[in-house]
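Comments concern the structure below.
Any value given below was found using the heavy atoms of this structure, including those in side chains, with hydrogens, waters and symmetry copies removed. Chain A is the first sequence line, chain B the second, and so forth, proteins listed ahead of strands; every chain is numbered from 1.
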Protein chains: 2
Amino acid sequence: MSVTAAKGFTAAGITAGIKESGNPDLALVVNTGPRRSAAGVFTSNRVKAAPVLWSEQVLKSGELTAVVLNSGGANACTGPKGFQDTHATAEKVAEALGTGAGEVAVCSTGLIGVLLPMDKLLPGVETAVGQLSEHGGEKAAIAIKTTDTVHKTSVVSGDGWTVGGMAKGAGMLAPGLATMLVVITTDADLETGALDRALRAATRVTFDRVDSDGCMSTNDTVLLLASGASGITPEYDAFAEAVRAVCDDLGQQLIRDAEGASKDIKVEVVNAATEDEAVQVGRTIARNNLLKCAIHGEDPNWGRVLSAIGTTSAVFEPDRLNVAINGVWVCKNGGVGEDRELVDMRYREVHIVADLAAGDATATIWTNDLTADYVHENSAYSS
Amino acid sequence: MSVTAAKGFTAAGITAGIKESGNPDLALVVNTGPRRSAAGVFTSNRVKAAPVLWSEQVLKSGELTAVVLNSGGANACTGPKGFQDTHATAEKVAEALGTGAGEVAVCSTGLIGVLLPMDKLLPGVETAVGQLSEHGGEKAAIAIKTTDTVHKTSVVSGDGWTVGGMAKGAGMLAPGLATMLVVITTDADLETGALDRALRAATRVTFDRVDSDGCMSTNDTVLLLASGASGITPEYDAFAEAVRAVCDDLGQQLIRDAEGASKDIKVEVVNAATEDEAVQVGRTIARNNLLKCAIHGEDPNWGRVLSAIGTTSAVFEPDRLNVAINGVWVCKNGGVGEDRELVDMRYREVHIVADLAAGDATATIWTNDLTADYVHENSAYSS
C-alpha cells in the first residue's frame with residue numbers, strides 16, 4: 001500500500017524513458033488534503049543535488065501538495081542547467097495539478113554528473129498525473145528503484161489513522177541527517193511542527209544509523225506529508241512512534257537489499273560514556289573494510305573490531321573492552337575471551353556487541369559485509 | 001642492502017617456526033656502534049600491541065642497541081601475558097648480545113588476539129644472533145613479510161654516509177602517526193634529537209599519507225637507528241631529505257604491494273585553504289569505497305569524488321570544485337567538464353586532482369582500488 005495507505009493521497013509510477021533499461025522511472029505522490037502539512041530532512045553532504053536544493057526551499061513554507069521522483073539520473077553536479085530542469089519539473093507538475101511550483105518537492109536518484117532527459121521527463125509527468133490513483137502507492141515505490149532488487153514499503157496503523165511510506169536505496173548508504181529517497185504519508189491531522197519533530201526524532205535513530213558502505217549521497221531526502229483526511233489528531237507520542245516504526249522498517253529493508261551484501265550486521269555499542277560516542281564507535285566499526293571482509297568470510301575476527309575502536313576518540317580503556325559476536329564473548333578485558341570456534345556465523349544476520357565499559361549509553365548501527373559482488377556491482381558500470 | 005647498507009649494523013632473518021607456512025618469521029637488527037642513537041614513531045591507534053607499548057618505553061632513553069621483529073603474530077590484545085612475552089623476547093636478545101633489555105625494541109606483526117609461540121620464538125632469537133651479518137639486511141627484510149608479496153628495502157647515500165631501511169605492510173594500511181613495521185638505519189653521526197626531528201618530518205608527509213584501506217593497525221612502528229660508524233655528521237637538511245626519500249620509497253612500495261590492488265591511486269588535493277584540510281579531503285576521497293570500486297572498473301566516476309568531498313568540513317564552494325582524472329578535467333565548477341571518454345585508465349597508476357579553489361595549500365594521499373581480490377584475501381582466512 002505504500003504511500004497511498006493513508007487516506008488523502010494518490011500516487012502513480014510510470015515509465016517515462018529516463019532509464020535505458022525501459023524500467024519504470026517516474027513516480028508522483030499527491031496530497032489531496034484537506035491539510036497539506038509537510039516536513040523533510042535532507043542529506044548533510046555539502047555537495048547537494050539540484051532537487052535537494054529545490055526541495056529544501058519549497059519546504060520552508062511547511063506545506064507540500066506533491067512530490068515528483070525520478071530514478072535514472074541524480075541531477076547532481078549539473079550546474080545551473082540542472083537546477084533549471086528541477087524547477088521545470090516542479091512547474092510541469094504544478095500546472096497539471098492546478099497548484100503552484102512552490103508546493104511541489106522534487107527528488108532524483110541515479111548517476112551523478114549527467115543532465116536529465118527533459119524531453120522524456122516532462123511528457124512523463126503528464127502521463128503520471130493521468131494515472132494518479134488511491135491504489136498507486138506500489139507502482140510509485142517500484143518506479144524509484146535504481147540498483148534496488150526489491151521495492152520497499154511500510155505501513156503502521158494507529159487508532160483511525162495511518163502512516164505509510166516508500167523508500168529506495170541500495171548503495172551509497174551512509175546518511176548524515178537523512179537518507180536515500182523516502183516519502184512517508186499520513187492521514188493524521190497534524191501541523192508541520194509536529195511532523196518535523198516526529199520525523200527528525202525518527203530519522204536520528206533509524207536512517208541515520210544505517211551505514212551500508214560509508215558513502216554519503218548527494219541526494220538523500222526523507223519527506224513526511226500529512227493530509228489530515230482521517231480527521232483524527234493522534235497523541236504526539238503515538239504518532240512519533242508510528243513514524244519511527246515506519247522509518248525503522250524501511251531502514252531495515254534498505255540494509256537487507258544493500259548492493260552485493262551477504263550479511264546484515266548489527267553493531268551494538270553498549271556501556272559508552274555518551275550516546276554520541278556510542279554512535280561514533282558503532283559507525284567506525286561498521287566502516288572497517290577488513291572487518292566487513294572477515295564477516296563475509298564468516299570469520300569472527302574480533303581483533304579487527306578492537307583495532308577499529310582504537311581509532312576513535314571515545315572514552316574507554318583498552319584493557320576493559322569486551323566484544324561478543326553472535327552471543328559469544330570472544331574478547332574479554334581487551335584480550336582473548338571465549339573460544340572463537342563457538343561462534344556460529346552461518347546466518348545472514350550477524351550481531352556484534354562492543355562493550356566500552358565506560359558508562360551506560362548505547363547505540364546500534366546497521367551495516368553490511370564487503371563482498372566481491374559489491375565490488376563488481378560498483379566497478380562494472382557507472383551508477 | 002636494506003638495514004645493513006649503513007656501516008655499523010648487522011642483521012639476520014631466520015625461520016623460527018612461528019608461521020605455520022615454514023616461511024622466515026624472525027628478524028634481528030643490531031647497531032654495533034659506536035653511537036646508539038634512536039628515534040621512533042608509533043601507531044596512534046589507542047589499542048596498542050604489547051610490543052608497541054614496550055618499544056615506546058625503551059625508546060625514551062633515546063638509545064637502542066637492537067630491534068627484534070617477528071611476523072606470524074601481532075601480539076596485540078593479548079593482555080598481561082602478551083606483554084610478558086614481549087619483555088622475555090627483549091631479555092633473550094639482550095642476554096645473547098650482552099646488553100640490557102632496555103636497549104632492545106620489539107616489533108610484531110600478524111594476527112591480532114593470539115599469543116606468540118614462545119617455545120619457538122626464544123630459540124629462534126639464539127639462532128638469529130648466531131647468523132648476524134653485515135650482509136643480513138635482505139634476509140631481515142624477508143623475515144618480516146606477512147601478506148606482502150615482495151620484501152621492501154630502500155637505500156639513499158649522502159656524502160660519506162648512508163640511510164637504509166626495510167618495511168613490511170600490505171593491508172591495514174592507514175597510519176595515524178606512523179605505519180606498518182619499518183626499520184631505518186644510518187651510519188651518520190647524529191644525536192637522538194636530530195633523528196627524531198628528521199623521522200617525524202619524514203613520516204608526516206610519507207607514511208602518514210599512505211592510506212590503502214582506511215584501517216589503522218595496532219602495531220605500526222617506524223624506527224630510525226644511527227650507528228655513527230661513518231664518522232660523519234651531515235648537514236641536518238641533507239640528512240632529513242635522505243630519510244624522507246627512504247620513507248617515501250618504502251611507502252610507495254607498500255602501496256604497490258597492497259592486498260588485492262590493481263591500481264595505485266594518487267589523490268592530489270590542490271588549492272585548499274590549509275594543508276590539514278587538503279589532507280582531510282585527500283583521505284576522505286581515498287577511503288570512498290564506491291570511488292575505489294569505480295577506479296577498479298576503470299570508470300572515471302568523478303561524481304563519487306564530489307560526493308566524498310562534500311562530507312568533509314574543508315573550506316570550498318560546491319560550484320567552484322574541479323576534478324581531473326589522469327589529466328582530463330572531467331568536472332569543472334562543480335558540474336560536467338571535459339568528456340569523460342577522454343580519460344585513459346588502462347595503466348596501474350591513476351592520478352586524481354581535486355581542486356578546492358579555496359587557497360594555496362596542497363597534499364597528496366596515496367591509496368589503492370577496491371577489488372574482489374582484496375575481499376578474498378581478507379575474508380578467506382584470518383589475518
Side-chain angles (χ1 to χ4, degrees), chain A residues 44-48 74 76-79 81-82 111-115 171-172 176 213-218 287-290 293-297 299 301-304 306-312 316 318-319 321 330-331 333-336 369-372 374-382, chain B residues 44-48 74 76-79 81-82 111-115 171-172 176 213-218 287-290 293-297 299 301-304 306-312 316 318-319 321 330-331 333-336 369-372 374-382:
Chain A
S44 58
N45 197 311
R46 291 168 58 205
V47 176
K48 295 184 204 298
C77 307
T78 44
K81 178 69 172 72
L111 184 62
I112 297 173
V114 179
L115 288 165
M172 213 180 252
D213 61 2
C215 297
M216 188 197 295
S217 159
T218 48
R287 290 185 176 180
N288 189 278
N289 278 353
L290 287 171
C293 286
I295 299 297
H296 177 54
D299 168 14
N301 197 324
W302 59 267
R304 295 178 179 177
L306 258 68
S307 69
I309 296 172
T311 66
T312 70
F316 70 84
D319 59 1
L321 293 171
V330 283
C331 169
N333 297 318
V336 183
D369 57 344
L370 180 57
T371 71
Y374 175 90
V375 173
H376 177 75
E377 221 175 305
N378 288 294
S379 62
Y381 53 86
S382 278
Chain B
S44 58
N45 198 310
R46 291 168 59 203
V47 175
K48 296 183 203 298
C77 306
T78 44
K81 178 68 171 74
L111 186 61
I112 297 172
V114 178
L115 288 165
M172 212 180 252
D213 62 1
C215 297
M216 188 196 295
S217 158
T218 48
R287 291 185 176 181
N288 188 279
N289 278 354
L290 287 172
C293 287
I295 300 297
H296 177 53
D299 169 14
N301 197 324
W302 58 269
R304 293 176 179 177
L306 258 68
S307 69
I309 296 172
T311 66
T312 71
F316 71 83
D319 59 1
L321 294 171
V330 284
C331 170
N333 297 318
V336 183
D369 57 343
L370 181 56
T371 70
Y374 175 90
V375 174
H376 177 75
E377 219 173 307
N378 288 294
S379 62
Y381 52 87
S382 278

Report the option among [options] that has the most heavy-atom pairs separated by less than 4.5 Å from atoms of chain B.
options                       : result
A:T78, A:L321, A:L115, A:V336 : A:V336
A:A294, A:C331, A:G79         : A:A294
A:G113, A:G335, A:A308        : A:G113

Flag side-chain contact, heavy atom, 4.5 Å: A:V375 against B:C293:
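Touching, per the 4.5 Å side-chain cut-off.
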
Non-hydrogen side-chain atoms of B:T312 and A:R46 separated by less than 4.5 Å
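When only atoms from C-beta onward are counted, A:R46 and B:T312 do touch, with a gap below 4.5 Å.
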
Go through B:G334, B:G297, B:P318, B:G310 and name the one with the most non-hydrogen pairs under 4.5 angstrom from chain A.
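The option with the most such pairs is B:G310.
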
Top residue by heavy-atom pair count (under 4.5 Å) with chain A, among B:T311, B:I309, B:N289?
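If we count pairs closer than 4.5 Å to chain A, B:N289 comes out on top.
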
Could you tell me the separation between the CG atom of A:L290 and the OG atom of B:S379, rounded to the nearest 0.5 Å?
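Taking CG in A:L290 and OG in B:S379, the distance rounds to 10.5 Å.
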
Please report the shortest heavy-atom distance between B:L306 and A:V47, naming the atom on each side.
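Nearest heavy atoms, B:L306 then A:V47: O-CG2, 3.4 Å.
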
Region of A:D319 that comes under 4.5 Å of a non-hydrogen atom in chain B:
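Interface part for A:D319: neither.
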
So what's closer than 4.5 Å to chain B heavy atoms on A:I295: side chain, backbone, both or neither?
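Neither part.
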
